[in-house]
Amino acid sequence: MTELIEQSIFIEISLLLLVATLLGFFGILLKQPLIVSFIGVGLLVGPSGLDLVHSQEQIDLLSELGIAVLLFLVGIKLDIKLIRSLGGVSVLTGLGQVAFTSIVGYGLGLLLGLDHMTVVVQ
């Protein structure tokens, strides 16, 4: 059976879709988000699990496409009113985090004995 799976990418993708469908169905029954089930599929059929998938390049491409589609769907569901209401707080929090990290990093660099220009550049 393993030799047959290794011979064809179509069999590997079919196996992935079958396992994803089954785990997705059970995930829905358990009222879990589908993403949790799909991560479980990756762990189950990947090299750390049953090691059923061996076409690394094609699977990498599928995973990148899956992430792009997931981000696209998240972008579609964003509420513009929510972004506008949280925009100011988000910008201030982000700028505060950058300032805090820069100041602490600068101080740590000086404490480690680096000169001023090296600390600023790095």
Side-chain angles (χ1 to χ4, degrees):
M1 177 73 178
T2 306
E3 295 84 21
L4 183 62
I5 292 173
E6 290 178 8
Q7 290 176 358
S8 175
I9 182 65
F10 298 112
I11 294 175
E12 287 184 9
I13 292 174
S14 300
L15 181 67
L16 279 172
L17 289 174
L18 178 68
V19 174
T21 301
L22 292 173
L23 283 183
F25 177 72
F26 288 119
I28 288 174
L29 288 179
L30 296 172
K31 298 182 180 178
Q32 296 297 315
L34 280 178
I35 190 72
V36 174
S37 299
F38 293 157
I39 291 171
V41 169
L43 292 173
L44 182 65
V45 300
S48 62
L50 299 176
D51 196 25
L52 297 176
V53 177
H54 301 284
S55 301
Q56 190 66 36
E57 296 84 23
Q58 290 87 358
I59 300 303
D60 285 343
L61 175 64
L62 283 175
S63 67
E64 289 174 9
L65 287 172
I67 291 170
V69 169
L70 178 67
L71 291 173
F72 177 73
L73 291 174
V74 168
I76 286 176
K77 291 184 179 184
L78 282 178
D79 185 15
I80 299 298
K81 292 178 185 174
L82 179 65
I83 293 173
R84 284 186 182 159
S85 67
L86 296 177
V89 174
S90 298
V91 168
L92 289 176
T93 304
L95 290 174
Q97 186 270 331
V98 169
F100 175 78
T101 305
S102 299
I103 292 168
V104 170
Y106 179 78
L108 286 174
L110 291 178
L111 286 174
L112 290 172
L114 300 173
D115 63 297
H116 169 72
M117 185 55 71
T118 303
V119 173
V120 171
V121 171
Q122 292 184 355

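Everything quoted here is computed from the prediction, not taken from an experiment.
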Nearest 0.5 Å, please: how far is CG in L50 from CG in L43?
11.0 Å

Exercise answer: donor-acceptor pairs, residues 99-109 side-chain atoms, under 3.5 Å, sequence neighbours excluded:
unit_1, atom_1, unit_2, atom_2, d
T101, OG1, Q97, O, 2.8
T101, OG1, Q97, NE2, 3.0
S102, OG, V98, O, 2.8
Y106, OH, H116, ND1, 2.9

Value for CG (L22) from CG (L17), rounded to nearest 0.5 Å, stands at 11.0 Å

How many angstroms lie between CG in L44 and CG in L23, if you round to the nearest 0.5 Å?
6.0 Å

Nearest 0.5 Å please: distance from the CG atom of L16 over to the OG1 atom of T21.
10.5 Å

same_hphob_cluster(F25, V41) at 4.5 Å side-chain heavy-atom cutoff
no

Nearest atoms (heavy-atom pairs only) where V119 meets L110
CG2-N, 3.9 Å

All pairs passing side-chain hydrogen bond (donor to acceptor under 3.5 Å, both in side chains) where residues 27-39 contributes a residue, at least two apart
none

Measure the spacing between CG of L112 and OG1 of T118 and express it to the nearest 0.5 Å.
12.0 Å

Are F38 and V19 in one and the same hydrophobic cluster, where Ile, Leu, Val, Met, Phe, Trp and Tyr link if side-chain heavy atoms are under 4.5 Å apart?
no

At what distance, to the nearest 0.5 angstrom, does CZ of F10 lie from CG of L15?
15.0 Å

